[in-house]
Student: 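Provided herewith is a single structure, encoded as structure tokens, for subsequent inquiry.
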Amino acid sequence: MRISKFRCAQLLGIDEYSFDCGRMNLIEGDNATGKTSLLESFKAALGGGNLARLWRVGSEDPPEVVLELDGGALLV
């Protein structure tokens, strides 16, 4: 089983972000651009983290992470 799409919203430094996952993905960028936020969202979605801890400061909406798996199955 493979993750085909990723979406997260309202967590840490990320308002909303999504992308189609390839066979291999590179996460790079300048300091304070959301790389760690992105990795923490994957960790929370896969059961190794706490999504409530990632709540974006000032947001009234709860954080959300959606991983779409091959075949259309969703992991929220």
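Start at 1 with the first residue, then count along the sequence.
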Student: Check this for me, if you would: do Arg7 and Glu68 make a salt bridge, where the nitrogen-to-carboxylate-oxygen distance has to be below 4.0 angstrom?
Tutor: no

Student: Of all residues at least two apart in sequence or in a different chain, which pass the salt bridge (Lys or Arg N to Asp or Glu O under 4.0 Å) check with Asp70?
Tutor: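 In terms of salt bridge (Lys or Arg N to Asp or Glu O under 4.0 Å), with neighbours along the sequence ignored, Asp70 is linked to Arg2.
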
Student: Check whether Trp55 and Ile14 end up in the same hydrophobic cluster, where Ile, Leu, Val, Met, Phe, Trp and Tyr are linked by side-chain heavy atoms less than 4.5 Å apart.
Tutor: no

Student: Mind checking side chain to side chain contact (heavy atoms under 4.5 Å, CB included) for Asp61 and listing every partner two or more places apart, or none if nothing turns up?
Tutor: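 Per chain and number, Asp61 pairs via side chain to side chain contact (heavy atoms under 4.5 Å, CB included) with Gln10, Ser59.
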
Student: Could you grab the distance from atom CZ of Arg56 to atom CG of Asp15, nearest 0.5 Å is fine?
Tutor: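 Reported to 0.5 Å precision, the distance equals 5.0 Å.
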
Student: My understanding is that only residues two or more places apart in sequence, or in another chain, count here; which of them pass ring pair (Phe, Tyr, Trp, His ring centres under 6.0 Å) with Phe42?
Tutor: Phe6

Student: I'd like a table of donor-acceptor pairs (distance under 3.5 Å, sequence neighbours excluded) in which one partner is a side-chain atom from residues 16-28, with atom names and distances.
Tutor:
| residue | atom | partner | partner atom | Å |
| --- | --- | --- | --- | --- |
| Asn25 | OD1 | Gly22 | N | 3.2 |
| Asn25 | ND2 | Gly22 | O | 3.4 |

Student: Would you mind listing every side-chain hydrogen bond (donor to acceptor under 3.5 Å, both in side chains) that reaches into residues 31-47, with sequence neighbours excluded?
Tutor: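 Pairs touching residues 31-47 that pass the test: Glu40-Arg53.
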
